[in-house]
Amino acid sequence: QVQLVESGGGLVQPGGSLRLSCAASGGFLHNYAISWFRQVPGKGREGVLCISKHGDATAFSDSVKGRFTISRDNSKNTVYLQMSNLKLEGTAVYYCATDLGPFCFPQASTDEYDYWGRGTQVTVSS
């Protein structure tokens, strides 16, 4: 069974950067598309970025274009979310997830994702 573990969250000032990691165990991450979501209290999970099995990135949100990038290191079984120029509204718990498919589908419901990590907190504050 695939297990996903996020790390790299923390406190950062507006305009700062963070790199989140999503590490997998119990499966080979390179077989799957991996998506990043974020959630603030009282709201549903918002899609951020996705990377396909073949390394193609798809943005789920226009708000992160030009500031967030996604990459994968298959040798480390890890996907990264590099966040730059963070804004206050970037404060959220960030999750990685997969539906065990090779492609990214921006229109997919969160219900279609089979595996989720427990999340990592990112707080943007001065």
Side-chain angles (χ1 to χ4, degrees):
Q1 182 171 349
V2 174
Q3 292 183 321
L4 303 176
V5 179
E6 303 92 340
S7 62
L11 174 65
V12 62
Q13 293 185 338
S17 299
L18 275 178
R19 187 178 79 162
L20 306 183
S21 300
C22 173
S25 62
F28 293 102
L29 206 64
H30 67 260
N31 288 329
Y32 315 126
I34 301 295
S35 297
W36 283 96
F37 291 81
R38 62 186 179 185
Q39 186 173 26
V40 298
K43 293 190 176 181
R45 292 183 182 181
E46 174 194 24
V48 179
L49 277 166
C50 174
I51 188 164
S52 74
K53 169 184 176 179
H54 305 289
D56 300 315
T58 301
F60 287 1
S61 171
D62 288 341
S63 66
V64 304
K65 286 181 179 178
R67 299 188 299 116
F68 290 14
T69 59
I70 190 169
S71 61
R72 64 193 309 154
D73 185 339
N74 291 334
S75 69
K76 296 182 179 179
N77 228 19
T78 300
V79 168
Y80 303 99
L81 181 67
Q82 177 68 50
M83 305 185 294
S84 303
N85 191 19
L86 279 160
K87 303 180 184 301
L88 294 174
E89 54 266 34
T91 296
V93 178
Y94 285 73
Y95 300 88
C96 59
T98 182
D99 64 358
L100 298 184
F103 303 113
C104 297
F105 294 100
Q107 309 305 323
S109 163
T110 53
D111 293 340
E112 299 183 43
Y113 288 82
D114 302 292
Y115 296 98
W116 294 83
R118 293 189 174 184
T120 185
Q121 176 71 48
V122 172
T123 302
V124 185
S125 175
S126 56

Can you tell me how far the CD atom of Gln82 sits from the CG atom of Leu18, to the nearest 0.5 Å?
8.0 Å
Could you tell me which non-hydrogen atom of Val93 sits nearest to which non-hydrogen atom of Gly119, and how far apart they are?
CG1-CA, 3.8 Å
For Ser71, which residues count as a side-chain contact (heavy atoms from CB on, under 4.5 Å) partner, sequence neighbours excluded?
Tyr80
For the atom pair OG (Ser35) and CG (Leu81), what is the distance rounded to the nearest 0.5 Å?
11.0 Å
Where at least one partner belongs to residues 91-109, residue pairs that pass side chain to side chain donor-acceptor pair (under 3.5 Å), sequence neighbours excluded
Arg38-Tyr94
I need the Trp36 CH2 to Thr120 OG1 distance, nearest 0.5 Å.
7.5 Å
So, does Arg72 use its side chain to make a donor-acceptor pair with the main chain of Ala33 at under 3.5 Å?
no
Heavy-atom closest pair, residues Cys104 and Asp56:
SG-O, 4.3 Å
Residues that Tyr113 engages under ring-ring contact (aromatic ring centres under 6.0 Å, His included), provided they are two or more places apart
Phe37, Trp116
Go through the steps to decide whether Val12 and Ser17 satisfy the test side-chain contact (heavy atoms from CB on, under 4.5 Å), and finish with yes or no.
CA-CA 7 Å; Val12 62; Ser17 299; over 6 Å; no
Under 3.5 Å, is there a donor-acceptor pair between the side chain of Asp73 and the main chain of Thr78?
no
Approximate separation, where rounding is to 0.5 Å, of Leu29 CG and Ile34 CD1
4.0 Å
Test side chain to side chain contact (heavy atoms under 4.5 Å, CB included), reference Phe68, set Leu49, Asn85, Leu20, output is Leu49
Donor-acceptor check, side chain of Glu6 to backbone of Cys96, threshold 3.5 angstrom: yes or no?
yes
Any donor-acceptor N/O pair, Ser125 side chain to Thr123 backbone, under 3.5 Å
no
